[in-house]
Amino acid sequence: MTLIVYSEKCTGCGACVEACPFGVLSLEGERLVIGEGCTACGACVEVCEAGALALAEAEGPSPRPEVPPDGIWVFAEQRHGRLAPVTLELLGEARRLAGELAVPVAGVLLGDRVAELAPELFRAGADKVYVAEHPALAEFVEGPFTAALTEMAARFRPEILLAGATYVGRAFIPQVAAALRTGLTADCTAFAIDRERRLLLQTRPAFGGNIMATIITPRTYPQMATARPGVFRRLAEPYADAGQVVPVELSSLQEPGPCTFVGTVEEVRERLPLSEAEVIVAGGRGLKEARHFRLLEELAELLGGAVGATRAAVDAGWIPYSHQIGQTGKTVAPKLYIAVGISGAVQHLAGIQSSDFIVAINKDPDAPIFKVADIGLVGDLFEIVPALIAAIRRDRG
Ligand SMILES: Cc1cc2nc3c(=O)[nH]c(=O)nc-3n(C[C@H](O)[C@H](O)[C@H](O)COP(=O)(O)OP(=O)(O)OC[C@H]3O[C@@H](n4cnc5c(N)ncnc54)[C@H](O)[C@@H]3O)c2cc1C
């Protein structure tokens with residue numbers, strides 16, 4: 001679609017200029033000027049009372065630029081020499097997508113003295129690793145990271161660029177997408193390839209988790225997306241021991257940016273991070289009081305697991321937010337997930353869908369959690385959980 005102006009009808013009232021979400025409309029005297037970047041969204045057409053604006057089919061579809069040469073990139077997030085788990089998960093997923101497109105996978109390391117992490121990226125699925133080392137990249141600061149990744153993507157031109165939807169990814173990846181003038185789908189939970197159109201299908205929950213939206217970037221490159229940690233699977237077997245390391249000299253980091261790194265304040269974390277736990281015992285409003293979480297801690301301890309919670313339990317102040325699982329909390333993928341006194345709202349289920357085996361304990365036989373549970377125990381949690389604890393203790397002598 002394209003935006004057209006009937007100048008003879010335009011009164012120069014400026015309502016369209018105010019309504020334009022992209023700020024591309026302006027008035028020169030009474031003449032309306034359409035600047036670069038108009039997406040033909042139609043917001044201006046809706047507010048034009050004079051009927052001076054309309055959307056029309058462009059003459060033929062706008063041509064898609066030639067496919068860029070450099071395959072799939074995964075931003076390799078690391079902190080103090082430790083790769084974020086989502087990086088390894090995304091490399092596993094990138095391998096699957098790369099198989100469909102017949103392109104290579106590259107990891108992108110930004111930091112100061114980070115080249116030693118390259119072998120880990122090769123094992124996780126990368127054919128090639130770009131390494132940009134600079135003192136300005138020693139700690140995460142949005143400006144230098146945006147400048148560095150933008151410069152590298154503009155120079156080497158990946159077809160797809162993926163990153164984790166972590167605090168780091170959420171902070172700077174949208175700025176990279178804006179600088180490259182391409183689209184970005186945030187917080188994806190599934191990817192696929194439309195081979196015919198050679199498009200990355202980017203799926204994420206939308207409208208409060210009530211629908212899954214599949215989004216495409218049909219006209220610009222790279223096709224960019226951030227992905228939820230804990231959703232995608234790492235490769236089961238190491239991919240390679242070595243590969244091509246490409247050191248990159250950056251020209252965009254010469255000037256000091258407006259922000260400086262001051263220091264890090266460590267978050268008070270749960271003993272075993274939820275994202276790494278193979279067993280999670282999670283509690284909801286059914287626990288009724290903060291002190292009853294002790295029961296879950298006891299069960300989790302016996303099973304070598306961690307304690308999670310619903311938003312209802314967190315909002316009640318029974319357990320810190322770092323334990324919250326779900327759409328606005330963490331996404332987890334344990335081998336065993338025990339849901340105790342949890343109804344199974346869609347927003348909670350969004351965070352546990354990758355669990356291997358789900359056990360639900362709830363006194364309401366119609367609770368939605370039973371629809372996703374592999375084993376459902378209908379009854380009072382205050383009887384079932386102590387009985388479970390006693391049985392495990394007895395079993396272990
Ligand atoms: C935009 C948005 C984002 C959200 N994000 C999240 C999120 O990230 N995570 C999340 O969890 N929620 C989230 N929510 C909230 C979500 O909709 C639910 O309200 C919440 O998950 C319900 O928590 P619950 O299961 O603990 O409580 P309830 O729905 O109240 O369920 C309590 C359950 O306990 C059972 N029960 C009670 N007593 C006992 C007993 N003695 N023995 C056994 N069972 C018992 C009841 O039968 C009931 O099924 C979000 C909501 C919105 C709108």
Side-chain angles (χ1 to χ4, degrees), residues 165 187-190 203-213 228-231 270 272-275 277-303 305-392:
D187 223 13
C188 293
T189 53
T203 301
R204 54 153 298 155
F207 295 108
N210 289 315
I211 63 160
M212 297 301 280
R228 272 203 197 180
V231 172
E270 63 272 34
L272 172 62
L274 285 171
S275 53
E278 294 200 338
V279 177
I280 293 176
V281 184
R285 203 180 338 241
L287 280 149
K288 298 194 171 52
E289 282 182 47
R291 67 189 171 97
H292 293 144
F293 264 88
R294 182 67 208 118
L295 261 183
L296 303 197
E297 280 165 21
E298 208 178 329
L299 181 57
E301 230 164 80
L302 278 172
L303 299 172
V307 173
T310 63
R311 178 156 140 180
V314 171
D315 285 352
W318 300 341
I319 186 162
Y321 170 70
S322 58
H323 293 259
Q324 184 176 316
I325 294 170
Q327 188 191 319
T328 44
K330 297 210 165 100
T331 302
V332 295
K335 290 196 170 135
L336 173 63
Y337 188 83
I338 306 180
V340 183
I342 291 176
S343 60
V346 279
Q347 295 88 354
H348 186 73
L349 300 184
I352 65 168
Q353 61 194 10
S354 299
S355 306
D356 285 345
F357 199 87
I358 298 175
V359 176
I361 302 170
N362 198 307
K363 66 178 183 185
D364 173 6
D366 297 322
I369 190 77
F370 289 128
K371 293 206 176 88
V372 297
D374 297 282
I375 291 182
L377 302 173
V378 180
D380 187 344
L381 73 92
F382 296 106
E383 288 170 16
I384 295 173
V385 177
L388 266 177
I389 292 171
I392 295 169

Checklist entry - CD/Glu301 to CD1/Ile389 distance, rounded to the nearest 0.5 angstrom? => result 10.0 Å

Checklist entry - Can you name the closest pair of heavy atoms from Gly230 and Ala333 and give their distance? => result O-CB, 3.4 Å

Item to check | Heavy-atom side-chain proximity of Ile352 to Val332 below 4.5 angstrom | outcome: yes

Item to check | Heavy-atom closest contact (Gly344 atom, Pro368 atom, distance) | outcome: O-CB, 3.7 Å

Item to check | Side chain to side chain, Ile280 and Pro334, heavy atoms closer than 4.5 Å | outcome: yes

Checklist entry - Could you state the interatomic distance from CD1 (Ile342) to CG (Leu349), rounded to the nearest 0.5 Å? => result 9.5 Å

Item to check | Phe370 CZ to Ile358 CD1 distance, which is reported to the nearest 0.5 Å | outcome: 12.0 Å

Checklist entry - Is the backbone N or O of Leu381 less than 3.5 Å from a side-chain atom of Lys363, with the two atoms forming a donor-acceptor pair by type? => result no

Next on the checklist: Among Thr310, Val314, Leu296, which residue satisfies the side-chain contact (heavy atoms from CB on, under 4.5 Å) criterion with Ile319?
Outcome noted: Val314

Checklist entry - What pair of heavy atoms forms the shortest contact from Tyr321 to Thr328, and how long is it? => result OH-O, 2.5 Å

Checklist entry - At what distance, to the nearest 0.5 angstrom, does CG of Leu299 lie from CD1 of Ile392? => result 5.0 Å

Checklist entry - Going by an N to O cut-off under 4.0 Å, is there a salt bridge joining Asp187 and Arg228? => result yes

Checklist outcome for this item: Of all heavy-atom pairs linking Ala282 and Ala309, the shortest is CB-N, 4.1 Å

Next on the checklist: Walk me through whether Asn362 and Val378 qualify under side chain to side chain contact (heavy atoms under 4.5 Å, CB included).
Outcome noted: CA-CA 5 Å; Asn362 198 307; Val378 180; over 6 Å; no

Next on the checklist: Donor-acceptor pair, distance only, cut-off 3.5 Å: does the side chain of His348 make one with the backbone of Arg311?
Outcome noted: no

Item to check | Atom pair CG (Asp356) and OH (Tyr337), whose distance is rounded to the nearest 0.5 Å | outcome: 14.0 Å

Checklist entry - What do the steps show when you test Ser355 against Lys335 for side chain to side chain contact (heavy atoms under 4.5 Å, CB included), and what is the final call? => result CA-CA 6 Å; Ser355 306; Lys335 290 196 170 135; over 6 Å; no

Checklist outcome for this item: Note: Ala306 and Ala277 closest approach over all heavy atoms is CB-CB, 3.8 Å

Checklist entry - Heavy atoms, side chains only, cut-off 4.5 Å: are Trp318 and Arg285 in contact? => result yes

Checklist entry - Does the pair Ile361 and Ile338 meet the rule for a side chain to side chain contact (heavy atoms under 4.5 Å, CB included), with working shown? => result CA-CA 8 Å; Ile361 302 170; Ile338 306 180; 4.2 Å; yes

Checklist entry - Should Thr189 and Pro205 count as side-chain neighbours, where that means a heavy-atom distance under 4.5 Å? => result yes

Item to check | From Leu295 atom CG to Phe382 atom CZ, the distance as rounded to the nearest 0.5 Å | outcome: 7.0 Å

